[in-house]
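Data first, discussion second: the structure below is written as structure tokens.
Every value quoted in this text rests on a predicted model; they were computed, and no experiment measured them.
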Amino acid sequence: MNHDKMTNISAKRGFLWPSFEIYSGVSGFTDYGPLGASLKNNIMQKWRKQYVSGEGFYEIEGPTVMPKEVLKASGHVDNFTDPMTKCKSCGEVYRADHIIEEAIGQDVESLENSEMDKIVAENNIKCPECGGDLAKIWDYNLMFKTEIGAKGNKVGYMRPETAQGIFILFKRLERFFRGKLPFGAVQLGKAYRNEISPRQGVIRLREFTQAEAEIFLDPEDKTTPKFSQIENETLRLNSQEVQEKDLEPLEITAREALDKGIVANEMLIYQLYLARKFLNEIGIPNEALRFRQHLAGEMAHYALDCWDVEVNTDKYGWVEIIGIADRGDYDLSSHSKFSNEELYVFKEYDEPKKVKKTIVKPNLSKFGPVFKGDSPKVKQAIEEADPEEIISALENDGKYVIELDNTYEVEEELLLIEEVEEDVTGEKIIPHVIEPSFGIDRIVYSVLLHSFTETEGKDYFKFAKSVAPVQVGVYPLVKKDGLPEIATELKDTLREAGFKVEYDEGNTIGKRYARADEIGIPIAVTVDYETKDDNMVTVRDRDTEAQERIAISDLKEYLENYYK
RNA sequence: GCAGCUGUGGUAUAGUCUGGUUAUUACUUGGGCCUUCCAAGCCUACAACCCGGGUUCGAAUCCCGGCAGCUGCACCA
């Protein structure tokens, strides 16, 4: 682990570059250079392989611009904010709650803006810089705001997370998956947060890439058949208790974590395991990883349980790269409420249940004469009322009183009370959601950091084969006597076979190996004089530097095997 | 966002305090020579004073503003 050297080489060799550099840059944005973009794509492809092919989830792709309504429902419009104020004379901008805290030493975090305005007035709080008056407090929302359409009266925001795009498709997805829980949908893409002052390079961006899966499941059944396959895996858990009491992390099996109630349910544990498996396979070792449970106060109010996967870094300490939360039914309930759409799955019982219930109906032949023109609305009121309430009212007072524009007294003889038995085949349930949420940029950084290897002879990216941006280097031993021609032809053949191949003929062979190692090309193929006689080439391994002779005719198969 | 420090070819740097030649050096990179397996050597070329304004006969150098980076504080649903 060596952040400084790693970033240096990553910039030099085209992985990560600061954005808008020729205009002196803007913090919170980053460019992926040729190798960086390729590395990132490989990581995202690997992610798809695990979650889409491996778990049977499906990928969707929604807009990055969202109308205000969606983010109102998700809570981002109201809660994803900081209170700000501004000095009227010098124009300096402050966090309002901080300036108050500083002045009167009182925690005002949960107060409304109007209340804070009052405190500012009562305590005569002024600008700390120039002593000027402070303006009315407003909310600084961390979302990028925009307008939809030419009239500009439709407010939109850049999405602050990809998850909402999945939740709002729930009705469609539920039909697509034919109503059977559990099912999962994923989305990979950009999300945006207008951070006040991002630093830490690619760790905190204003525009970043997420890969999120939303797994919808039965609130009563958060088991998964996959659990039995992984129950003996050991996990390194920094539970709430471990953090509160400052203990060593737990090293326990998935089974124990479940039985002791440290992780809430099977699916959640399975997702922790899956996240770690993914990271291992792209080159981040277990020693550099840990699971950290959100503390009670830190957990979003709707989350039932939430674990971060953190990676160890020399520069930033332990950094969150994945969050895995049981969000309960919060999102679907909230969107249901705001959109007036029922977002549910119909859960059929194994056996239909016979349910006895009492129903109360108006006796229409007697209704008309009594209520005359008002009878339709009285009838409707009876039908909408709770039968239990009507019966108890009749028992207690001998009548049921309805308050509409007039008061109506309904006596028992105007009603028909029946006991009926109904077949109930199931019920509507709002699924719970377990959400693994990956910060792709941070993961790319982690892969770079943990693949970066320093040895006596060389410093290089020891990429896992599945993510290496260049797969094969092809070189003529020297630049004459027809060797470049053979090597060039070989390069073209391998490219046509689908490999990512680089060709290099300058300088000495040693220098070219060194250059290839630096960007983590796993395999080097060298054409030499003997090739002209025996049609074989030298295949060199990046890490061991071991060489073997392979026939050109077998090379494609050899590489396919290697990268399988 | 606040405070302090910093900004010279792709990278690392000298020069800045005390304004004045063609802005130093090494590596890297491109081309050439050489080269029969791990950054060798030789020739050659490309290439920089963060941006904007001010002071001055003259600014990389002094002053102001901006941008970015680093460190600490704050923020990070």
Nucleotide forming a Watson-Crick or wobble pair with [N], both distances under 3.5 Å:
N      : value
B:rA39 : none
B:rC62 : B:rG54
B:rC2  : B:rG72
B:rU29 : B:rA45

Counting any heavy atom closer than 4.0 Å, what does [X] reach on the DNA or RNA strands: base, sugar-phosphate only, or nothing?
X        : answer
A:Gln547 : base
A:Arg512 : nothing
A:Asp528 : base
A:Glu545 : base
A:Thr538 : base
A:Lys315 : sugar-phosphate

Return yes if a side-chain donor-acceptor contact under 3.5 Å exists between [X] and [Y], otherwise no.
X        : Y        : result
A:Tyr562 : A:Glu560 : no
A:Tyr558 : A:Glu548 : yes
A:Gln164 : A:His335 : yes
A:Gln293 : A:Asp305 : yes
A:Glu212 : A:Thr162 : yes
A:Asn41  : A:Ser38  : no
A:Asn265 : A:Asp326 : yes

What is the distance from [atom1] of [X] to [atom2] of [N], rounded to the nearest Å?
X        : N      : atom1 : atom2 : answer
A:Asp481 : B:rC34 : CG    : P     : 11 Å
A:Glu505 : B:rC33 : CD    : C1'   : 14 Å
A:Ile321 : B:rC76 : CD1   : C1'   : 17 Å
A:Gln200 : B:rC76 : CD    : P     : 13 Å
A:Asp308 : B:rC76 : CG    : P     : 15 Å
A:Ile521 : B:rC38 : CD1   : P     : 18 Å
A:Arg442 : B:rC76 : CZ    : P     : 14 Å
A:Asp459 : B:rC27 : CG    : P     : 18 Å

Original post:
Among B:rU36, B:rU28, B:rA77, which is the nearest nucleotide to the side chain of A:His76?
Top reply: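 Taking heavy atoms from C-beta onward, the closest nucleotide is B:rA77.
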Original post:
A:Arg204 side chain: which of B:rC75, B:rA77, B:rA39 is closest?
Top reply: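 From the listed options, B:rC75 comes nearest.
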Whole-angstrom distance between [N] and [M], as gauged at atom [atom1]:
N      : M      : atom1 : result
B:rA48 : B:rC27 : C1'   : 15 Å
B:rA59 : B:rG20 : C1'   : 10 Å
B:rU24 : B:rC49 : C1'   : 13 Å
B:rC2  : B:rG10 : P     : 31 Å
B:rC50 : B:rU61 : P     : 8 Å
B:rG19 : B:rG66 : C1'   : 24 Å
B:rA3  : B:rU18 : C1'   : 30 Å
B:rA12 : B:rC73 : C1'   : 32 Å

Original post:
When you match A:Gly506 and A:Gly510 each to their closest nucleotide on RNA chain B, which lands nearer the 5' end?
Top reply: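 That would be A:Gly506.
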**OP:** For A:Ser27 and for A:Lys458, locate the closest nucleotide of RNA chain B by heavy-atom distance; then report the residue assigned to the nucleotide nearer the 5' terminus.
**Re:**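 In this pair, the answer is A:Lys458.
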**OP:** Quick one: list whatever passes salt bridge (Lys or Arg N to Asp or Glu O under 4.0 Å) with A:Glu341, sequence neighbours left out.
**Re:**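 Expected list: A:Lys171.
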Can a side chain N or O of [X] be found less than 4.0 Å away from OP1 or OP2 on [N]?
X        : N      : result
A:Arg515 : B:rC38 : no
A:Thr526 : B:rC37 : no
A:Lys480 : B:rG32 : no

Original post:
For RNA chain B, what residues of residues 12-26 of chain A have any heavy atom nearer than 4.0 Å?
Top reply: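 Per residue number, the list reads A:Ser24, A:Gly25, A:Val26.
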Original post:
When only distance counts, do a donor and an acceptor, one from the side chain of A:Arg199 and one from the base of B:rC76, lie under 3.5 Å apart?
Top reply: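 A donor-acceptor contact between them is absent.
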Original post:
Angle class for the A:Phe144/A:Tyr192 ring planes (parallel below 30°, perpendicular above 60°, tilted otherwise)?
Top reply: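 Rings of A:Phe144 and A:Tyr192: perpendicular, as their planes differ by over 60°.
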Subject >> Residue list, side chain to side chain contact (heavy atoms under 4.5 Å, CB included) with A:Met536, at least two apart or on another chain >> reply: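 Result, side chain to side chain contact (heavy atoms under 4.5 Å, CB included) vs A:Met536: A:Asp534, A:Arg549, A:Ala551.
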